[in-house]
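Let me begin by presenting the structure, written as structure tokens, before commenting on it.
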Amino acid sequence: MPGLKNGYTAVFEKAMEEVLQATGVPGVSVYARRGNDVFSCGKGEHSDLSKKYRMHSMTKVITSTAAIMTTETHKDFLLTDPVSKYIPSFDREWDLILEGTEEKVSFKGFSKGPAEVSFKREKSKTKMLVSHLMAECSGIGYDFWTESGVCGENYSAAAAIRQAVHPEVFNSSCIIGSHLTLAEYCDKIAEAGVLVCEPGNFSYGLGALVVGRVLEVVHGKPFSQILSELIFKPLGMNASFFISSPDEMHALYGVASDKTVVKAEATIADCGSVAAYTNHTDHALGPKKLESGDTGLVMPIAEYAKFCEFVLSKGLAADGTRVMDEKGIYMLCHGDPHGCSMDSRMGNTLFGFGYPAAMTFGWAKTDPKADPEKLGGHDFPVCNYWSGYAGNQVRVYPTEDSYIIVGMQVMDHHYTRTYQDTVRLPLVEKFISLWEK
């Protein structure tokens, strides 16, 4: 497989410096490989590549990997199983909280509120499956989609109903900093009993968190132990973990210059100040229990690179040991989630940036049949990719033996898409421009 063009290190380092100068972000790290050529570099405040990043939603694909691996070791576990088979509290009649004006509820979100939001209520008719959770089609959507303009007020209304059951449930500031265990968190979601759409429709949110609890039930072990045994130890990802105490915060990028850590609400309110560069967490307030397969993993980007290598090697560890069946890797990268549709207001909005895409399990795939001109020059057609809330992103190119990970760790809810266009995509484009053909 061809590598990178001669002189790629100097060219790429210059591109990173130009991005920092143009955007004012405090730092950026890149870990990339094509063929035998590897590029790893940190610029600005992110020059120390041993520092750890919050992977946020880049956790999801690792959770899905563990679920697919579990189908190999536990033959009675199927991705088409109903979630209620493993979480009894989910065996209930669910209410759909839809756009409408029949009811109102007060909701205080990330950057707005409290304010009254309107909705209407119907009964769900669809069984929620494990595959729905993994493909972000469970109906358990994040609360902030209303404020970002992606979805209607029903997302905030559902969040308010859940928060009335327990303040830490369906509150994005607590997804990675909750005092609840996975079992408790999922039972509180079920107690509220509300979804933003029928399962099977794209509704980006807490699905992977619930997958973590399903796997705990199947394996009879804590979720962190499952990930360690199935993925981290075999792949040598020894610096990957869930934060459980304030003592672990010092290893993270994103801590303000005075070493304080602010809660998410303050982070969002202070966009543009140093607070915008702090961690989206309230772990600083004390030990937390939640091991979120949705947003919770922490690791250096070089650790995430080991996961990318595992994907490109079709399930092999660095020493050649088979960790996952090749069919499982194919499912992870190219699988068609059972009964899931991207044709929703959220799906059409989030995936309407000029390149055709669809969800597989835990991340997206570009359409290999797409016209490259329709991709806007931003990407190669055959690609699996996803981002995290802090601006970090992974792109794996299975047919090109290539991948790139961009670490940014900028907690700025209002400018997430801006950073996509001004930081991540320019670096991805520069990476692809350096490919030897």
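Predicted, not measured: the structure shown is a model, and the values here were computed from it.
Between F12 and F39, the ring-plane angle classifies as tilted under the 30° and 60° cut-offs. Classified by interplanar angle (parallel below 30°, tilted 30° to 60°, perpendicular above 60°), the ring pair F223/F242 is tilted.
Here the side chains of V211 and V83 are not in contact, with every heavy-atom distance at 4.5 Å or above. Taking 4.5 Å as the limit, every side-chain heavy atom of S292 sits out of range of all side-chain heavy atoms of T59. Two residues are said to be in side-chain contact when any heavy atoms from C-beta on lie closer than 4.5 Å; V61 and L332 meet this criterion. The closest side-chain heavy-atom distance from K430 to K14 is not below 4.5 Å. A heavy-atom distance below 4.5 Å is not found between the side chains of L129 and D81. No side-chain heavy atom of T63 sits under 4.5 Å from any side-chain heavy atom of L297. In this structure, N392 and I301 have side chains that are not in contact, with every pair of non-hydrogen atoms separated by 4.5 Å or more. Side-chain contact between R213 and Y185 is absent, with no heavy atoms from C-beta onward closer than 4.5 Å.
The two atoms that bring C383 and R395 nearest to each other are SG-CB, 4.0 Å, heavy atoms only. Across all non-hydrogen atoms, the minimal contact from A158 to V194 is O-CG2, 3.8 Å. Scanning both residues, C333 and N384, for their nearest heavy atoms gives O-ND2, 2.8 Å. Nearest heavy-atom pair across M69 and L230 is CE-O, 3.3 Å. The minimum heavy-atom distance linking S240 with E303 is given by the pair OG-OE1, 3.0 Å. The nearest pair of heavy atoms linking S203 to G139 is OG-N, 2.8 Å.
Within the structure, salt bridge (charged side-chain N to carboxylate O under 4.0 Å, His left out) pairs that include any residue of residues 34-43 comprise E13-K43, E17-K43, R34-E400 (at least two apart or interchain). Within the structure, ring pair (Phe, Tyr, Trp, His ring centres under 6.0 Å) pairs that include any residue of residues 17-38 do not occur (at least two apart or interchain).
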**OP:** Show your working on side-chain contact (heavy atoms from CB on, under 4.5 Å) between L290 and L209 and close with a plain yes or no.
**Re:** CA-CA 9 Å; L290 189 66; L209 182 147; 4.0 Å; yes

**OP:** Show your reasoning for whether side-chain contact (heavy atoms from CB on, under 4.5 Å) applies to V19 and T422.
**Re:** CA-CA 7 Å; V19 161; T422 61; over 6 Å; no

**OP:** Go through the steps for W363 and S64 under the test side-chain contact (heavy atoms from CB on, under 4.5 Å), then give the verdict.
**Re:** CA-CA 9 Å; W363 56 0; S64 285; over 6 Å; no

Original post:
Could you walk me through whether V406 and S387 pass the side-chain contact (heavy atoms from CB on, under 4.5 Å) check?
Top reply: CA-CA 9 Å; V406 178; S387 304; over 6 Å; no

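Annotation: the span from D325 atom CG to T73 atom OG1 amounts to 11.5 Å, rounded to 0.5 Å. In this structure, CG on L78 lies 12.0 Å from OG1 on T70, to the nearest 0.5 angstrom. Separating the OG1 atom in T65 from the CE atom in M331 is a distance of 11.5 Å, to the nearest 0.5 Å. M408 contributes atom CE, which lies 10.5 Å from atom CG of L20 (distance to the nearest 0.5 angstrom). Here the CG-NE2 distance, from D294 to H56, works out to 10.5 Å after rounding to the nearest 0.5 Å. Here the CG atom belonging to N154 is positioned 11.0 Å from the CG atom belonging to L195, to the nearest 0.5 angstrom.
Taking the salt bridge (charged side-chain N to carboxylate O under 4.0 Å, His left out) definition, one finds that E291 meets it with nothing, sequence neighbours left out. Under the salt bridge (charged side-chain N to carboxylate O under 4.0 Å, His left out) criterion, E198 pairs with no residue at all, not counting sequence neighbours. Partners of K221 according to the salt bridge (charged side-chain N to carboxylate O under 4.0 Å, His left out) rule, which considers only residues two or more places apart in sequence or in another chain, are E229.
Aromatic ring centres of Y142 and Y204: separated by under 6.0 Å.
Considering V214, V210, T360, I68 in turn, I68 is the only one that fulfils the side chain to side chain contact (heavy atoms under 4.5 Å, CB included) rule with M134.
Judged by distance alone, with hydrogens and angles left aside, the side-chain atoms of K437 form no donor-acceptor pair with the main-chain N or O of P2 at under 3.5 Å. Between the E136 side chain and the G205 main chain, a donor and an acceptor come within less than 3.5 Å of each other.
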Under 3.5 Å, which donor-acceptor pairs link side chains of residues 307-320 to any protein atom two or more places apart or in another chain?
| residue | atom | partner | partner atom | Å |
| --- | --- | --- | --- | --- |
| E309 | OE1 | R33 | NE | 3.2 |
| E309 | OE1 | R33 | NH2 | 3.0 |
| E309 | OE2 | R33 | NE | 2.7 |
| E309 | OE2 | Y403 | OH | 2.9 |
| S313 | OG | E309 | O | 3.1 |
| S313 | OG | F310 | O | 3.0 |
| S313 | OG | L316 | N | 3.1 |
| S313 | OG | L316 | O | 2.8 |
| D319 | OD1 | T321 | N | 2.9 |
| D319 | OD1 | T321 | OG1 | 2.8 |
| D319 | OD2 | T321 | OG1 | 3.3 |

